[in-house]
Amino acid sequence: MELSFRWYGPKDPVSLSDIRQSNANFVVTSLHEIPSGEKWLDFEIKKRINFINKQNLKDNVHLKWNVVESIPVHNNIKLRDKNYKKLINNYKDTISNIAKNKIKTICYNFMPIVDWTRTQLDYKLPTDALALRFNFLQIIIFERFILNLKDIEKRYSLNQIKMAEKLYKIMTTKEIQNLKVAIMGGLPAAEKKYSIGSFKKMLQAYKNIQDKDLKENLKYFLKEIIPVAEDHNVKMALHPDDPPIRLFGVPRIVSNSNDYKYILDSYKSPSNGMTFCAGSLASNKKNDVYNIFNKFKKKINFIHLRNIKIEKDQKSFYESNHLMGDIDFVKIIKMIIKEEKRRSIDKKIEIPMRPDHGHCLLDDQNKKFINPGYTAIGRMMGLSEIRGVIKSIN
Ligand code: DNO
């Protein structure tokens, strides 16, 4: 595997030197400062590459930008509305500009309104480590008490609503504030920060969109962009919905094996592939991650390794240590290595992989500014554990 580390650019409190010290060889990054929908110009990409190269000093391990994660897909594309044609053209130009700069893997997702979602960013584990958590009842609380939505009975049972109300009563103001921030754009890589008003407006925009419409819109998008990626030998890697369940009554269509089958069959091309995000997929009990891996292994262009523990209600989960969750990491890493061997015919092929998220540990807990899930020490621990497993298998 190409051992990689996500980096949020020059403003990331985790520096390139920190990343190098974790023993990663590659950085996964994006031009996060460019608003969703806008074209990435060649000189902007070059500037970021130069920034990375400048810090690859003599005798240092040479960090290389191997994967763009991600180019966000604008909601107007997902809705196939308004200026979507122009936005798709911008997307195509961005792909070719990235390719010209010799970066050949691009991760993206097709989640409506929000990217990945958690409800708590400082869930204390028995070890004192802080983890990210998704609590299903808190999603109901967000809809009922923060957005004040009137139609929640349509998607939640009376019992679930009652339990959410009970939990809401004992939540502190800070916890409620954190919940709001986490969902409305407080997580790193969020495309956009929403206010309550703008969030509700987006829900309104998706009101008449059914699963089949969103699937059609994705298919249309693929038909447009994949030929461009193919021309430039770029591998697109569609990230699964995180978590892979419907949120706020809005469809999600990249959640399970059937969804991926539809997507990968929609446009057959070596450029139309997936990001195998173990933790996202496994957070829905119905997904068999090993089966998904085997079924689509030829189409896996990028890997996120993260583990989770599903909670008693079977719908909530927290992010566990990399080797201590519901996913058998030794098993999955063996499968990845086997797939790499299968691909390595003339030369050794390694799939880019980054340890996805880590706990907030030690000194990172005292820092004023952190990107939740993306502190250095926790991810470094994850990468070390993964590296240990790889070494013992090889
Ligand atoms: C969460 C990440 C996501 C991911 C995007 C890919 O930690 O895995 O933000 O980068 O969904 O497009």
Checklist outcome for this item: Hits for salt bridge (Lys or Arg N to Asp or Glu O under 4.0 Å) against Lys100, two or more places apart or cross-chain, chain-then-number order -> none

Next on the checklist: Test of understanding: with salt bridge (Lys or Arg N to Asp or Glu O under 4.0 Å), list the residues that count as partners of Arg144, not counting sequence neighbours.
Outcome noted: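 Testing Arg144 for salt bridge (Lys or Arg N to Asp or Glu O under 4.0 Å), a comparison that skips the adjacent residues, returns Glu165.
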
Checklist entry - Which class fits the ring pair His304 and Phe302: parallel under 30°, tilted 30 to 60°, perpendicular over 60°? => result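 His304 and Phe302: perpendicular rings.
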
Checklist entry - Mind checking whether Tyr194 and Phe199 have parallel, tilted or perpendicular rings, split at 30° and 60°? => result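 It falls in the perpendicular class, over 60°.
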
Hphob cluster co-occupancy, [X] + [Y], side-chain heavy atoms under 4.5 angstrom:
X: Met236; Y: Ile351; result: yes
X: Phe145; Y: Met171; result: yes
X: Val73; Y: Tyr84; result: yes
X: Leu31; Y: Phe51; result: yes

Checklist entry - Between Asp241 and Ser255, what is the shortest heavy-atom contact and its length? => result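 Taking every non-hydrogen atom into account, OD2-OG, 2.7 Å.
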
Checklist entry - Which pair of heavy atoms, one from Glu311 and one from Phe317, lies closest together, and at what distance? => result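 Closest approach of Glu311 to Phe317, heavy atoms only: OE2-C, 3.5 Å.
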
Item to check | Where at least one partner belongs to residues 28-50, residue pairs that pass ring pair (Phe, Tyr, Trp, His ring centres under 6.0 Å), sequence neighbours excluded | outcome: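 Every pair satisfying ring pair (Phe, Tyr, Trp, His ring centres under 6.0 Å) with a residue in residues 28-50: Tyr8-His32.
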
Next on the checklist: According to salt bridge (charged side-chain N to carboxylate O under 4.0 Å, His left out), does anything in residues 218-228 pair up with another residue at least two apart or in another chain? List the pairs.
Outcome noted: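 Found Lys92-Glu224.
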
Checklist entry - ring-ring contact (aromatic ring centres under 6.0 Å, His included) with His357: which of Tyr318, Phe5, Tyr374? => result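 The ring-ring contact (aromatic ring centres under 6.0 Å, His included) with His357 is passed solely by Tyr374 among Tyr318, Phe5, Tyr374.
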
Item to check | Side chains of Tyr206 and Asn75, donor plus acceptor under 3.5 Å | outcome: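 Yes, a side-chain donor-acceptor pair sits under 3.5 Å.
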
Item to check | Flag, side chain of Arg118 to backbone of Leu121, donor-acceptor distance under 3.5 Å | outcome: no

Distance-only check: which donor-acceptor pairs under 3.5 Å involve side-chain atoms of residues 263-279, not counting sequence neighbours?
| unit_1 | atom_1 | unit_2 | atom_2 | d |
| --- | --- | --- | --- | --- |
| Asp265 | OD2 | Lys261 | NZ | 2.6 |
| Ser266 | OG | Tyr262 | O | 2.7 |
| Ser269 | OG | Glu230 | OE1 | 2.7 |
| Ser269 | OG | Ser271 | N | 2.9 |
| Ser271 | OG | Glu230 | N | 3.4 |
| Ser271 | OG | Val234 | O | 2.8 |
| Asn272 | ND2 | Ile263 | O | 3.1 |
| Asn272 | ND2 | Tyr267 | O | 2.9 |
| Thr275 | OG1 | Ala237 | O | 3.0 |

Item to check | Pairs satisfying side-chain hydrogen bond (donor to acceptor under 3.5 Å, both in side chains), at least one member in residues 105-114, at least two apart | outcome: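 Passing the test, one end in residues 105-114: Asn109-Asp115.
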
